[in-house]
Amino acid sequence: MIKIDLHSHTHYSDGHLSPQELIDRAHNMQVDVLAITDHDTVDSISEAMDYQAQQKRQLQIVPGVEISTSWHNFDIHILGLNVDFKDDVFLKRLGEQSARREDRALQIDAKLCKAGVEGIYAQAKILAGKGQITRAHFARAMVNKGVVKDMESVFKKYLGKGKRAHVKPQWIEIAEAISWIHDAGGKAVLAHPGHYDMTTKWLRRLLQEFADAKGDGMEVIHSHLSPERKKLLLELALQHDLNGSAGSDFHYPNRWTELGRNLKLPEDLKPIWHDWHIAAAV
Ligand code: AMP
Ligand code: MN
Ligand code: MN
Ligand code: MN
């Protein structure tokens with residue numbers, strides 16, 4: 001069985017591993033095809049490609065990105081798969097998203113200061129290093145400092161929607177993200193539709209709009225999915241004629257997620273990679 005995992009992160013966004021460490025882990029897990037999809041950046045891709053080129057074991061790296069969009073007060077993530085990661089227009093556009101991240105980070109910091117939690121931005125920035133700064137870095141910095149006991153509590157108390165240090169993000173619209181991805185030659189895939197904190201009615205509406213905006217596929221297999229949700233996602237994919245995708249959304253080694261694990265697509269769905277050249281398959 002060929003192992004395909006089309007969603008993962010490195011330390012160029014909120015993943016903990018370098019591209020090299022991620023690739024080593026993918027080898028150990030016997031992954032054949034791995035998409036690297038950092039939040040709003042493709043900065044990890046060249047490093048990953050160069051490193052893989054030196055390895056003996058075959059592993060096909062799919063250049064990807066996870067673009068943040070805003071839709072009716074929800075943060076919706078769109079994966080761009082097989083994008084041209086050297087395309088100037090695409091890089092310029094992603095640069096604009098980075099600038100929005102930086103702006104938002106400063107606003108989050110101002111709110112945290114008001115709530116009496118100081119000095120977090122500086123720490124989060126150190127954790128982010130040369131990568132994109134995300135709320136996950138703020139959360140880690142706050143856990144390290146002992147402000148709260150774990151990441152989950154930070155989101156519940158400070159960074160989640162409607163909480164004290166939440167800043168409404170100004171991400172681009174879904175349709176815009178899809179055209180950025182298409183302009184860069186990639187496929188647009190709705191990330192983890194089972195994770196959004198919305199009713200089934202809203203989820204149906206999201207899929208309708210995503211399909212109307214010419215989205216190509218959706219993740220029907222991702223982590224933390226109940227059998228009922230899985231069934232619903234499959235139904236929605238078939239209804240809108242979307243290709244299926246599967247990804248671990250791996251950020252760091254832990255008990256719950258692993259690269260390439262349990263990602264088999266339902267057979268009645270056309271895989272998003274149906275027209276890619278998959279070396280391991282021949
Ligand atoms: P951002 O893109 O900056 O809004 O950050 C979102 C990232 O924070 C997500 O991609 C997750 O990695 C992480 N995140 C969001 N919500 C939670 C949560 N409740 N617990 C832990 N991490 C979270
Ligand atoms: Mn993340
Ligand atoms: Mn996501
Ligand atoms: Mn992700």
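The model shown is predicted, which means the values in this text are computed figures rather than measured ones. Just so you know, ligand 1 is whichever comes first in the structure, and atom 1 is the first atom listed for that ligand.
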Worksheet entry | N or O contact, Glu152 vs ligand 1, cut-off under 3.5 Å | yes

Discussion item. So that I know where these two stand, are His9 and His7 an aromatic pair - ring centroids less than 6.0 Å apart?
Written reply: yes

Fill in: Close-contact set for ligand 1 against His251 heavy atoms, below 4.0 Å
12 (O)

Item to complete: From atom 11 (C) of ligand 1, work out which of Thr134, Val154, Asp14 has a heavy atom at the shortest distance.
Response: Asp14

Worksheet entry | Closest to atom 23 (C) of ligand 1 among Phe138, Trp171, Phe155 (heavy-atom distance) | Phe155

Item to complete: Could you tell me which N, O or S atom of Asp14 is nearest to the Mn ion (ligand 2)?
Response: OD2

Worksheet item: Below 2.8 Å, any N, O or S contact between His39 and the Mn ion (ligand 3)?
Response: no

Worksheet item: Any Lys/Arg nitrogen of Arg25 or Glu258 sitting under 4.0 Å from an Asp/Glu carboxylate oxygen of the other?
Response: yes

Discussion item. Only heavy atoms of His39, strictly under 4.0 Å: list the atoms of ligand 1 that pass.
Written reply: 10 (O)

Item to complete: Work out whether the distance between some heavy atom of Arg101 and some atom of ligand 1 is less than 4.0 Å.
Response: yes

Worksheet item: Nearest protein heavy-atom contact for atom 4 (O) of ligand 1: which residue, which atom, what distance?
Response: Arg135 NE, 2.8 Å

Practice prompt. Please examine the side chains of Ile278 and Val33, heavy atoms only from C-beta on, and report whether any two atoms are closer than 4.5 Å.
Written response: yes

Discussion item. Assess the residue pair Glu209 and Arg204 against the criterion (salt bridge (Lys or Arg N to Asp or Glu O under 4.0 Å)); give the C-alpha distance rounded to whole Å, side-chain angles, the decisive distance to 0.1 Å, and a yes or no.
Written reply: CA-CA 9 Å; Glu209 289 196 24; Arg204 288 187 183 280; over 6 Å; no

Discussion item. Any N/O/S atom from His192 (main chain or side chain) under 2.8 Å of the Mn ion (ligand 3)?
Written reply: yes

Worksheet item: Between OE2 of Glu66 and ND1 of His77, what angle is found at the Mn ion (ligand 3), rounded to 10 degrees?
Response: 80°

Worksheet entry | Basic-acidic side-chain contact under 4.0 Å: Glu152, Lys156 | no

Fill in: Residues Tyr196 and Asp75: side-chain donor-acceptor under 3.5 angstrom
no

Item to complete: Apply the test salt bridge (Lys or Arg N to Asp or Glu O under 4.0 Å) to residues Asp14 and Arg135: give CA-CA distance (whole Å), side-chain angles for both, the deciding distance (0.1 Å), then the verdict.
Response: CA-CA 9 Å; Asp14 56 354; Arg135 282 183 296 165; over 6 Å; no

Fill in: Contacting atoms of ligand 1, where contact means under 4.0 angstrom from a heavy atom of Arg104
1 (P), 3 (O), 4 (O)

Practice prompt. Taking the side chain as every heavy atom from C-beta outward, state whether Asn82 and Trp273 have any pair of such atoms under 4.5 Å apart.
Written response: no

